[in-house]
Amino acid sequence: MLKIHNSLAREKQEFVPIEPGRVRMYVCGMTVYDYCHLGHARVLVVFDMVVRWLRASGFQVTYVRNITDIDDKIIRRAAENGESIRALTDRFIGHMHEDATALGVEKPTHEPRATDYVDRMLEMIGRLERNGYAYLSGNRDVCYSVRKFAGYGRLSGKSLEDLRAGERVDVAEGKHDPLDFVLWKHAKEEEPAEVKWASPWGSGRPGWHIECSAMGCDLLGEHFDIHGGGQDLQFPHHENEIAQSEGASGGTFVNFWMHNGFVRVDDEKMSKSLGNFFTIRDVLGRYDAEVVRFFILRAHYRSPLNYSDSHLDDARQALSRLYTALKGWPAGGGVDWSEPHARRFREAMDDDFGTPEAMAVLFDLANELNRTRDGRIAVQLRGLGGVLGLLQRDPVEFLQSGAGGELAPEDIEARIAQRAAAKQARNFAEADRIRDELKAAGIVLEDSPAGTTWRRA
RNA sequence: GGCGCGAUGGCAGAGUGGUUAUGCAGCGGCCUGCAAAGCCGUCUACGUCGGUUCGAUUCCGGCUCGCGCCUCCA
């Protein structure tokens, strides 16, 4: 049985779906005004893994990952670039999809854009107003009255008093309480028409939090199973989502909240504001995308993940071991879940998505495969790897891939043929010279009774 | 200041009240013309001080250090 660490309870809980056999899940996606960085890659990969495991466990999953395409930073960036909001967001949505695809991330069931849901947001704001949670502030923004919502602070484990004690925000003009947040931003003169929508409260645009409540409730219903996102969204974003959704519906919004840990650089959070981020495409220029996915899944999703080149190098070595074991075995065949390794894998994954332990099982399978050369083990290894979105390529293709390939495969093959001839003539000095020369170029040769093969170091 | 998380071997990273994580790297052996890969074996651990216990890396408390959230952020 699956257990999930629920941020709401701060402990692992047995996962029971609202509707038997079915899971409805929402994850906060990207704000599209720039390239995705490795922190985004982690959210993408982690929740892709979660969905894959839920499906492998027999659930029918509806997975929604939204796109925020209206926001202060988007407006500013579009103005800087002298382009329309739509042109900017369309472009970066395209780039995001390229990155996600490279990382082996499957498409979500729905990928709603905030700007397509403004009507739903207005409807929800209207309900909040009728239920007494929303008010029109002095500067004509519509705000949410945090103290009216009894459960406020439950997700982040904060009380309103705690939050006020640490108050660091300038009190925005006209708010009843500094912690109140904006549901609807009143339009400003200088803003382009593209960011103005008509509403009962005047022309304006939605606040950030309302979009997720509106899209989630519309696509998944007012009560669904899992809501995920990065740790930094726990407060205030997710706290506010709960306040909005439950304030509007009157019932429970989400049963399980999941938050993934940060990617770090030199033990500091990787973030745009700190400027210490690497974009996904930077990294994919130097490392194989599957290596990056492997690197992400090698740590537990809630732990911090330190990024560095040496860690990626290490990940590549490790993944190579798996593919080396798989070399020569045909693809295909389903996982036998009654087999001991598969059971251990299932146990690991059922314990709050324990991918590090699940991967240890993969290495144990590789060892057994190398020892026994039993085809059934190869099927298990590839099959279980596939559950994590790994090991689905041709092993030779993986082992021969990699950056820094000045030598074309034909050249390498030609050198191998020359070396074979030298060996035939028992001219080992010449054979070793060729091998050393290739090694200097990053090519490693491996002799076997069947002939010589090569891979990139 | 408030709230929370973490501290494991050279590096990365799981887990457990008493018996091997796993990977990378190192060392020894087998294999090999020599290598590489693989196999076998092997060395480096559980921040610190107390407590509970027959026994704690694992439970409890103090301390130190690191990190995060409290402001846009995955």
Side-chain angles (χ1 to χ4, degrees), chain A residues 7 10 27-31 36-47 65 68 71-73 76 153 156-159 161-170 179 208 228-237 239 259-264 267-274 277 294-295 298-300 302-306 308 310-322 324-325 327 344 348 351 354-364 366-367 369-373 399 423 426-429 431-432 435-436 438-439 443-449 452-455 457:
Chain A
S7 303
R10 272 165 279 281
V27 169
C28 290
M30 263 36 91
T31 300
C36 293
H37 60 65
L38 238 29
H40 300 118
R42 192 174 191 191
V43 185
L44 253 16
V45 168
V46 160
F47 288 101
R65 191 186 65 214
T68 298
D71 149 271
D72 287 348
K73 280 172 300 214
R76 196 182 335 126
S156 49
K158 299 171 191 299
S159 68
E161 290 66 42
D162 291 344
L163 290 163
R164 286 192 184 107
E167 194 57 59
R168 283 200 277 156
V169 208
D170 291 337
L179 294 168
W208 175 37
Q231 226 164 41
D232 44 3
L233 297 184
Q234 190 165 345
F235 188 89
H237 184 55
E239 194 71 64
H259 294 98
N260 67 273
F262 297 129
V263 175
R264 298 178 175 184
D267 285 316
E268 265 194 329
K269 174 183 172 180
M270 177 182 292
S271 74
K272 295 218 170 148
S273 29
L274 289 172
F277 64 91
F294 179 93
F295 166 70
R298 193 160 62 144
H300 185 86
R302 285 189 283 111
S303 303
L305 178 64
N306 235 335
S308 76
S310 67
H311 295 161
L312 267 294
D313 289 338
D314 185 288
R316 176 175 153 82
Q317 285 304 113
L319 187 55
S320 293
R321 173 170 165 78
L322 260 21
T324 300
K327 206 161 83 169
R344 189 147 74 84
D351 185 8
T355 53
E357 177 68 21
M359 280 169 128
V361 173
L362 262 31
F363 285 97
D364 287 347
N367 175 263
L369 178 58
N370 287 331
R371 254 182 317 112
T372 64
R373 305 308 293 164
L399 294 167
K423 277 175 67 175
R426 302 200 64 79
N427 182 355
F428 293 121
D432 290 352
R435 187 172 61 197
D436 289 345
L438 286 171
K439 190 178 179 188
I443 305 300
V444 178
L445 299 188
E446 294 175 355
D447 293 338
S448 82
T452 299
T453 57
W454 64 274
R455 65 183 167 87

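Predicted model only: the values in this text are computed from it and were never measured. Order of the sequence lines fixes the chain letters, A, B, ..., with proteins taken first and strands second; residue numbering starts at 1 for each chain.
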Listed partners of H37(A) passing ring-ring contact (aromatic ring centres under 6.0 Å, His included), at least two apart: H40(A), F277(A)
Salt-bridge criterion met for D267(A) and R264(A) (N-O under 4.0 Å): yes
Residue mapping more 5' on RNA chain B - nearest nucleotide basis, T31(A) or F235(A): F235(A)
Partners meeting salt bridge (charged side-chain N to carboxylate O under 4.0 Å, His left out) with K327(A) (sequence neighbours left out): E446(A)
Sugar-phosphate only, base, or nothing, as touched by V46(A) at under 4.0 Å among non-hydrogen atoms: nothing
Pi-cation contact, F235(A) with K158(A) (under 6.0 Å, within 45°): yes
Separation of the C1' atoms in C40(B) and A45(B), to the nearest angstrom: 24 Å
Sugar-phosphate, base or nothing in reach of G230(A), heavy atoms under 4.0 Å: sugar-phosphate
Sugar-phosphate, base or nothing in reach of M270(A), heavy atoms under 4.0 Å: base
A12(B) versus A74(B) - spacing of their C1' atoms, nearest Å: 23 Å
Taking only nitrogen or oxygen atoms into account, show me every contact under 3.5 Å that the protein makes with nucleotides 14-17 of chain B, one pair per line with its distance.
| unit_1 | atom_1 | unit_2 | atom_2 | d |
| --- | --- | --- | --- | --- |
| A14(B) | OP1 | H300(A) | N | 2.8 |
| A14(B) | OP1 | S303(A) | OG | 3.1 |

Any residue meeting side chain to side chain contact (heavy atoms under 4.5 Å, CB included) with R302(A), in chain and number order, not counting sequence neighbours: H5(A), K12(A), H300(A), D352(A)
Partners meeting side chain to side chain contact (heavy atoms under 4.5 Å, CB included) with T324(A) (sequence neighbours left out): L399(A)
Sequence-distant partners of F363(A), side chain to side chain contact (heavy atoms under 4.5 Å, CB included), two or more places apart: F294(A), A318(A), R321(A), L322(A)
Separation between the C1' atoms of C3(B) and G55(B), rounded to whole Å: 36 Å
Nearest to side-chain heavy atoms of R264(A), which nucleotide of A74(B), C72(B), C67(B): C67(B)
Euclidean distance for P, G9(B) against A14(B) (whole angstrom): 13 Å
Nucleotides 29-43 of chain B: protein proximity per nucleotide (B base, S sugar-phosphate only, - neither; heavy atom, under 4.0 Å): ----BBBBSSSS---
K272(A) atom NZ: more than 12 heavy-atom contacts under 6.0 Å: yes
Counterpart residues, salt bridge (charged side-chain N to carboxylate O under 4.0 Å, His left out), relative to E268(A) (two or more places apart): none
Any N/O donor-acceptor pair, K158(A) side-chain to C69(B) base, under 3.5 Å: yes
Touch class at under 4.0 angstrom, heavy-atom based, for K272(A) against every strand present: nothing
Residue F363(A), side-chain heavy atoms: nucleotide from C72(B), A74(B), G23(B) that is nearest: G23(B)
Sugar-phosphate, base or nothing in reach of A360(A), heavy atoms under 4.0 Å: base
With W208(A) via ring-ring contact (aromatic ring centres under 6.0 Å, His included) - residues at least two apart: H237(A)
All salt bridge (charged side-chain N to carboxylate O under 4.0 Å, His left out) counterparts of R435(A), not counting sequence neighbours: D432(A)
Separation between the P atoms of G18(B) and G4(B), rounded to whole Å: 29 Å
Out of G23(B), A21(B), A74(B), whichever nucleotide has its closest atom nearest the side chain of D314(A): G23(B)
Pairing annotation in dot-bracket form, given for RNA chain B with Watson-Crick or G-U pairs under 3.5 Å and | for cross-strand partners: (((((((..(((.....[...))).(((((.......)))))....(((((..]....))))))))))))....
Phosphate-side-chain proximity, K269(A) and A74(B), N/O vs OP1/OP2 below 4.0 Å: no
Sugar-phosphate, base or nothing in reach of G29(A), heavy atoms under 4.0 Å: sugar-phosphate
Side chain to side chain contact (heavy atoms under 4.5 Å, CB included) against A41(A), all qualifying residues, sequence neighbours excluded: L38(A), L103(A), I280(A), I296(A)
Sugar-phosphate only, base, or nothing, as touched by D364(A) at under 4.0 Å among non-hydrogen atoms: sugar-phosphate
Span that lies between the C1' atom of A37(B) and that of C31(B), in whole angstrom: 11 Å
Separation of the C1' atoms in G23(B) and U19(B), to the nearest angstrom: 23 Å
Pairwise P distance for C43(B) and U22(B), with rounding to whole Å: 13 Å
